[in-house]
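Accompanying notes for the structure given below.
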Amino acid sequence: MIRPAEPVERKRSKLQAVGEDPAEGLALAFADMLSYAREQQETRDLTVAVHTFRKSVRRARSLVKLVRPSIPKAAYRELNDGLRRAVQATSDLRDGDVTEALLTDYEGPPGTAGTLAVWRGRLHAGERPAPEHVLDTLRACAEALGPIPARFAAVVANLTPAAFSAGFAESYRRARVARRDAIHHALQSEAVHTWRKRVKEVRYQLELLTSPAATQLNQAFGDLAQDLGRVTDWTVLGASVEQTEGLDAEARALLKDDFSARHHADARAVAGASAWLFGLKPASYLEVLCVGLDYRSPFAAS
């Protein structure tokens, strides 16, 4: 078995992009995020390595979204597609573990205990990617990411403070539209998933700012993203139970109905709790970066 080198100890830094030259700060933050992603090929715990790699690349991708209105369309597509491919290449490295973890504390409807036990057993005994395959994938992705920071730095070299600020407002607008669309489409799984992606983009972008209000907003959007993750988890479980062969048909139907009901109940709760956070016009969002807004999770203990 191939063993990775000693674990990486450093934590991803949060470089600040606000200043007289936001382009320089953005380029440094972007490069740091991808550097941290590339270092994961040297991390001993491969499950953690894959998770951290994917999260770091998504953080970098949020910066590409931030400058999207201010850079050429071709440059945006090149950068975004390169980062998206890196995340997609690691998708098969963690799906089984994610589903098994989601079932750890789940208690299904009456009559499903036996089927749940069988399902959990199959997930646990399921084939996992070989460590060599995981390392090869991370190394290939790390190599592919290599030239992207320089390309990003060149693209944003002339970014103005005004364009930098406008990017925050545009990302908030996209998240606001995604929430509205999710509600309009009866909180269906794909629409909620898109909303969550937009929320995480906003959250990651706010990490660039140091003001107390931005920190408060970062926490609010982080909590919201976590709650939306809880909603999308029910979709993941529904898809997994559908794809698992040999389960009792009646119990499978009960589980799918339960996952669907929980998805919609949780999604409605999050949609209601987030109304205040999305009550702004995009232009007002920049002003609120100096004031802050709260989000109170509907799942928090009272």
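- Counting heavy atoms from C-beta outward, Tyr36 and Thr52 have side chains that approach closer than 4.5 Å.
- Rounding to the nearest 0.5 Å places CG of Asp257 at 12.5 Å from CZ of Arg262.
- Note on Val64: it clusters hydrophobically with Leu66, by side-chain heavy-atom contacts below 4.5 Å among ILVMFWY residues.
- Between the side chain of Thr115 and the backbone N or O of Thr112 there is no donor-acceptor pair closer than 3.5 Å.
- A distance-only check finds a donor-acceptor pair linking the side chain of Ser91 to the backbone of Gln88 [under 3.5 Å].
- Note that the CD atom of Glu42 and the CG atom of Leu135 stand 8.5 Å from one another [nearest 0.5 Å].
- Panel note: side chain His185, backbone Asp181; a donor-acceptor pair is recorded below 3.5 Å.
- Between Tyr172 and Tyr285, the ring planes are parallel. Angles under 30° get that label, and only those over 60° would be called perpendicular.
- Between Arg151 and Glu78 there is a salt bridge, since at least one side-chain N of the basic residue sits less than 4.0 Å from a carboxylate O of the acidic one.
- Distance check, rounded to the nearest 0.5 Å: CG of Leu46 to CG of Leu138 gives 7.0 Å.
- Between the side chain of Thr160 and the backbone N or O of Ala163 there is at least one donor-acceptor pair closer than 3.5 Å.
- To the nearest 0.5 Å, atom CG of residue Leu228 and atom OG1 of residue Thr194 are 11.0 Å apart.
- In this structure, the ring-ring contact (aromatic ring centres under 6.0 Å, His included) partners of Phe152, at least two apart in sequence or on a different chain, are Phe30.
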Check: side-chain contact (heavy atoms from CB on, under 4.5 Å) between Ile148 and Leu145: does it pass, once the steps are laid out?
Finding: CA-CA 6 Å; Ile148 296 181; Leu145 292 176; 4.0 Å; yes
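- Looking at Arg61, Arg85, Arg68 one by one, the single match for side chain to side chain donor-acceptor pair (under 3.5 Å) with Asn80 turns out to be Arg61.
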Next item on the list: Check the pair Leu206 / Thr215 against side-chain contact (heavy atoms from CB on, under 4.5 Å), numbers first and verdict last.
Entry: CA-CA 7 Å; Leu206 287 167; Thr215 300; over 6 Å; no
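- In this structure the side chain of Lys256 reaches within 4.5 angstrom of the side chain of Glu242, judged on heavy atoms.
- Separation of atoms CZ (Arg196) and CD (Gln226) is listed at 9.0 Å; rounding is to 0.5 Å.
- Of all heavy-atom pairs spanning Val241 and Arg252, the tightest one is O-NH1, 2.5 Å.
- A donor-acceptor distance shorter than 3.5 angstrom exists from the side chain of Ser165 to the backbone of Pro161, with no hydrogens or angles considered.
- Hydrophobic clustering (ILVMFWY, side-chain heavy atoms < 4.5 Å, transitive): Val177 and Leu224 are in distinct clusters.
- Between His133 and Asp92, some side-chain heavy-atom pair lies under the 4.5 Å cut-off.
- Scanning both residues, His263 and Leu187, for their nearest heavy atoms gives NE2-O, 2.8 Å.
- The side chain to side chain contact (heavy atoms under 4.5 Å, CB included) test with Leu63 singles out one residue from Leu34, Leu79, Leu83, Leu26, and that residue is Leu26.
- Minimum interatomic distance between Val202 and Ala175 (heavy atoms only, all atoms of both residues): CG2-CB, 4.0 Å.
- A side-chain N or O of Asp227 and one of Ser297 form a donor-acceptor pair less than 3.5 Å apart.
- Listed for the Ser284 side chain is no donor-acceptor partner under 3.5 Å among the backbone atoms of Leu280.
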Item checked: Trace of the side-chain contact (heavy atoms from CB on, under 4.5 Å) decision for Arg120 with His124 -> CA-CA 6 Å; Arg120 289 190 180 102; His124 184 71; over 6 Å; no
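- Tyr76 and Asp81 form no side-chain donor-acceptor contact under 3.5 Å, judged by distance and modelled atom types alone.
- Note on Leu116 and Trp234: same hydrophobic cluster, where clusters join Ile, Leu, Val, Met, Phe, Trp and Tyr whose side-chain heavy atoms are under 4.5 Å apart, directly or indirectly.
- Under a 3.5 Å cut-off, the side chain of Arg179 and the backbone N or O of Ala271 do form a donor-acceptor pair.
- Under a 4.0 Å N-O distance rule, the pair Arg174/Glu201 qualifies as a salt bridge.
- Atom CD of Glu24 sits in a sparse spot, with 12 or fewer heavy atoms from other residues, nucleotides or ligands closer than 6.0 Å.
- The backbone N or O of Phe278 sits less than 3.5 Å from a side-chain atom of Arg176, completing a donor-acceptor pair.
- The shortest distance between side-chain heavy atoms of Thr235 and Phe259 does not fall below 4.5 Å.
- Side-chain contact between Ser189 and Thr232: absent, with no pair of heavy atoms (C-beta onward) separated by less than 4.5 Å.
- Residues Leu286 and Leu217 share a single hydrophobic cluster, defined by chaining ILVMFWY side chains whose heavy atoms lie under 4.5 Å apart.
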Note to self: Could you walk me through whether Leu102 and Tyr106 satisfy the side-chain contact (heavy atoms from CB on, under 4.5 Å) test, starting with their C-alpha distance in whole Å, then the side-chain angles of each, then the deciding distance to 0.1 Å, before giving a yes or no?
What the structure shows: CA-CA 7 Å; Leu102 292 178; Tyr106 171 72; over 6 Å; no
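- Using a 4.5 Å heavy-atom threshold, the side chains of Val67 and Val155 count as separate.
- Scanning all heavy atoms of the two residues, the minimum distance from Ala142 to Gln41 falls at CB-NE2, 3.5 Å.
- No donor-acceptor pair under 3.5 Å is formed between the side chain of Ser35 and the backbone N or O of Ala31.
- For Ala182 against Ala191, the heavy-atom pair with the smallest separation is CA-CB, 3.6 Å.
- At least one side-chain heavy atom of Asp266 sits less than 4.5 Å from a side-chain heavy atom of Phe299.
- Although no hydrogens or angles enter the test, the distance criterion places a donor-acceptor pair under 3.5 Å between the side chain of His264 and the main chain of Ser260.
- Between the side chains of Ser171 and Gln205, at least one donor-acceptor pair of N or O atoms lies under 3.5 Å.
- Side-chain polar atoms of Thr43 and Gln40 form a donor-acceptor pair below 3.5 angstrom.
- Listed by chain and residue number, Glu207 satisfy the salt bridge (charged side-chain N to carboxylate O under 4.0 Å, His left out) test with Arg203 (two or more places apart in sequence, or in another chain).
- Leu93 places none of its side-chain heavy atoms less than 4.5 Å from the side chain of Phe53.
- One distance of note links CZ of Arg198 with NE2 of His193; it measures 9.0 Å at 0.5 Å rounding.
- Hydrophobic clustering (side-chain heavy atoms under 4.5 Å, transitive across Ile, Leu, Val, Met, Phe, Trp, Tyr) groups Val270 together with Val192.
- Shortest non-hydrogen contact noted between Ser56 and Met33 is CB-O, 3.6 Å.
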